[in-house]
K.L.:
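First, the structure itself, so that you have it in front of you.
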Amino acid sequence: MNLAQLFLQGDALARAVTLLLLAMSVTSWVVILWKTWLLRRANADVVRCIAAFWQAGSVADAVQKIRAFDRESLILPLVLSTHLEANQTLASKGDRAQQLTRVLRNALHAALARLQHGQVLLATIGATAPFVGLLGTVWGIYHALIGIASVGQVTIDKISGPVGESLIMTAAGLLVAIPAVLAYNVLGRAVARLEAELEGFARDLRELGSSGALAR
């Protein structure tokens, strides 16, 4: 018996658990494929944008070049944030280094939030899917034992079938959780590498901006 047959023959809770596991599996694979594509594109964009920035003759020239490469808006907001507006607000108080630290930190946090989007969902699915499958297993064994008790005679063949069918739920939970956990770890390392690149570039921008080299 497979999961589809369990869904058709099970009660409301068994069907709910099956549908939940299916939804979790589909969601995790959509996130995995989307984030794999996103991070590959972002990694290529960050490399090209940083190279274009350092090869540009001015900030305005760098902005024009970066616009063509920065499809995920990771580098351009950092560069644009270094253009500080002179006004009478508290944001303009303090020396230039302090202002640059604040605006670059805000732009960096926004970029990192886009890169980390979906990681929490993968972690949640990886952590909860085995327990959802275990719930289906416990519920199935409970009904199997009730059925066996009603017959009044316990034999191996009467136990092995229902219990084996219930354990399919545990296997299904693991099949949902394992790809999510693996993807969380692999994609997390890719995100960490991009974070390091962006943080290093932000520090370089702060040093240039503090010295006045980014003045337009």
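None of the values given here were measured: they were computed from a predicted structure.
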K.L.:
So if you build clusters from Ile, Leu, Val, Met, Phe, Trp, Tyr with side-chain heavy-atom gaps below 4.5 Å, do Trp29 and Leu39 land together?
P.N.:
yes
K.L.:
If you take all heavy atoms of Met24 and Thr128, which pair is closest and at what distance?
P.N.:
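That would be CE-OG1, 3.3 Å.
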K.L.:
Between side-chain atoms of residues 174-185 and protein atoms elsewhere (two or more places apart, or another chain), which donor-acceptor pairs fall under 3.5 Å?
P.N.:
| from | atom 1 | to | atom 2 | distance (Å) |
| --- | --- | --- | --- | --- |
| Asn185 | ND2 | Val181 | O | 3.3 |

K.L.:
Is the CH2 atom of Trp34 crowded by more than 12 outside heavy atoms at less than 6.0 Å?
P.N.:
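Enclosed.
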K.L.:
Show which residues join Val138 in its hydrophobic cluster (side-chain heavy-atom contacts under 4.5 Å, direct or indirect), or state none.
P.N.:
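Val138 shares its hydrophobic cluster with Leu134.
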K.L.:
Which pairs with one or both residues in residues 175-194 pass salt bridge (Lys or Arg N to Asp or Glu O under 4.0 Å), sequence neighbours excluded?
P.N.:
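Of all non-adjacent pairs touching residues 175-194, none passes salt bridge (Lys or Arg N to Asp or Glu O under 4.0 Å).
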K.L.:
What's the spacing between Ser25 OG and Leu20 CG if we round to 0.5 Å?
P.N.:
11.0 Å
K.L.:
Could you check if a side-chain atom of Val132 sits within less than 4.5 angstrom of a side-chain atom of Met169, using non-hydrogen atoms only?
P.N.:
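Val132 does not reach Met169 side chain to side chain.
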K.L.:
Treat each ILVMFWY residue as a node, draw an edge where side-chain heavy atoms are under 4.5 Å apart, and state whether Val31 and Leu38 are in one component.
P.N.:
no
K.L.:
Linking Ile, Leu, Val, Met, Phe, Trp and Tyr through side-chain heavy atoms less than 4.5 Å apart, which residues share a cluster with Val120?
P.N.:
none
K.L.:
How about Glu199 and Leu112: do any of their side-chain heavy atoms sit closer than 4.5 Å?
P.N.:
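A side-chain contact exists here, since the closest heavy-atom pair is under 4.5 Å.
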K.L.:
Hydrophobic clusters join Ile, Leu, Val, Met, Phe, Trp and Tyr when side-chain heavy atoms are under 4.5 Å apart, directly or via other members; which others share one with Leu22?
P.N.:
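Besides Leu22, the hydrophobic cluster comprises Val26, Val30, listed by chain and residue number.
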K.L.:
Would you sort out whether Val191 and Lys35 count as a side-chain contact (heavy atoms from CB on, under 4.5 Å), showing the intermediate values?
P.N.:
CA-CA 10 Å; Val191 171; Lys35 287 217 66 176; 3.9 Å; yes
K.L.:
Run the side-chain contact (heavy atoms from CB on, under 4.5 Å) check on Val17 and Leu21 step by step: do they pass?
P.N.:
CA-CA 6 Å; Val17 170; Leu21 287 174; 4.2 Å; yes
K.L.:
Please identify each residue that fulfils salt bridge (Lys or Arg N to Asp or Glu O under 4.0 Å) with Asp70, with sequence neighbours left out.
P.N.:
none
K.L.:
For residues Thr36 and Ile32, report the shortest heavy-atom separation together with the two atoms involved.
P.N.:
OG1-O, 2.7 Å
K.L.:
Please go through Phe69's hydrophobic cluster and name the other residues, only I, L, V, M, F, W, Y counting, with side-chain heavy atoms under 4.5 Å joining them.
P.N.:
none
K.L.:
Is Arg48 close to Lys65 at the side-chain level, that is, under 4.5 Å between some pair of heavy atoms?
P.N.:
no
K.L.:
Please list, chain by chain and in numerical order, all residues satisfying side-chain hydrogen bond (donor to acceptor under 3.5 Å, both in side chains) with Arg114, sequence neighbours excluded.
P.N.:
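In terms of side-chain hydrogen bond (donor to acceptor under 3.5 Å, both in side chains), with neighbours along the sequence ignored, Arg114 is linked to no residue.
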K.L.:
Can you list the residues that meet the side-chain hydrogen bond (donor to acceptor under 3.5 Å, both in side chains) rule with Thr170, with sequence neighbours excluded?
P.N.:
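Thr170 satisfies side-chain hydrogen bond (donor to acceptor under 3.5 Å, both in side chains) with Thr137 once adjacent residues are dropped.
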K.L.:
Which heavy-atom pair separates Arg71 from Arg41 by the least distance, and what is that distance?
P.N.:
NH2-CG, 2.9 Å
K.L.:
For Ala42, what residues pass the side chain to side chain contact (heavy atoms under 4.5 Å, CB included) criterion, not counting sequence neighbours?
P.N.:
Glu72, Leu74, Leu115, Leu194
K.L.:
Which residues pass the side-chain hydrogen bond (donor to acceptor under 3.5 Å, both in side chains) test with Thr27, sequence neighbours left out?
P.N.:
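Thr27 satisfies side-chain hydrogen bond (donor to acceptor under 3.5 Å, both in side chains) with no other residue.
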K.L.:
If we only count heavy atoms from C-beta on, is the Asp204 to Leu208 side-chain gap below 4.5 Å?
P.N.:
no
K.L.:
Could you measure the distance from the CZ atom of Arg203 to the CG atom of Leu108? Nearest 0.5 Å is fine.
P.N.:
9.5 Å
K.L.:
Run the side-chain contact (heavy atoms from CB on, under 4.5 Å) check on Leu122 and Gln119 step by step: do they pass?
P.N.:
CA-CA 5 Å; Leu122 289 177; Gln119 289 294 101; 4.0 Å; yes
K.L.:
Would you check if Glu197 and Asn43 make a side-chain contact, meaning some heavy-atom pair closer than 4.5 Å?
P.N.:
no
K.L.:
Please name all residues satisfying side chain to side chain contact (heavy atoms under 4.5 Å, CB included) with Phe201, sequence neighbours left out, ordered by chain then number.
P.N.:
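With sequence neighbours excluded, Phe201 shows a side chain to side chain contact (heavy atoms under 4.5 Å, CB included) to Ile50, Phe53, Trp54, Ile75, Leu78, Val79, Leu205, given in chain and number order.
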K.L.:
Say you draw a straight line from OG of Ser81 to CZ of Arg105; how long is it, rounded to the nearest 0.5 Å?
P.N.:
11.5 Å
K.L.:
Could you give the distance from CD1 (Ile66) to CG (Leu80), rounded to the nearest 0.5 Å?
P.N.:
8.0 Å
K.L.:
For atom CZ of Arg40, decide whether the heavy atoms of other residues, nucleotides or ligands shown that lie under 6.0 angstrom number more than 12.
P.N.:
no
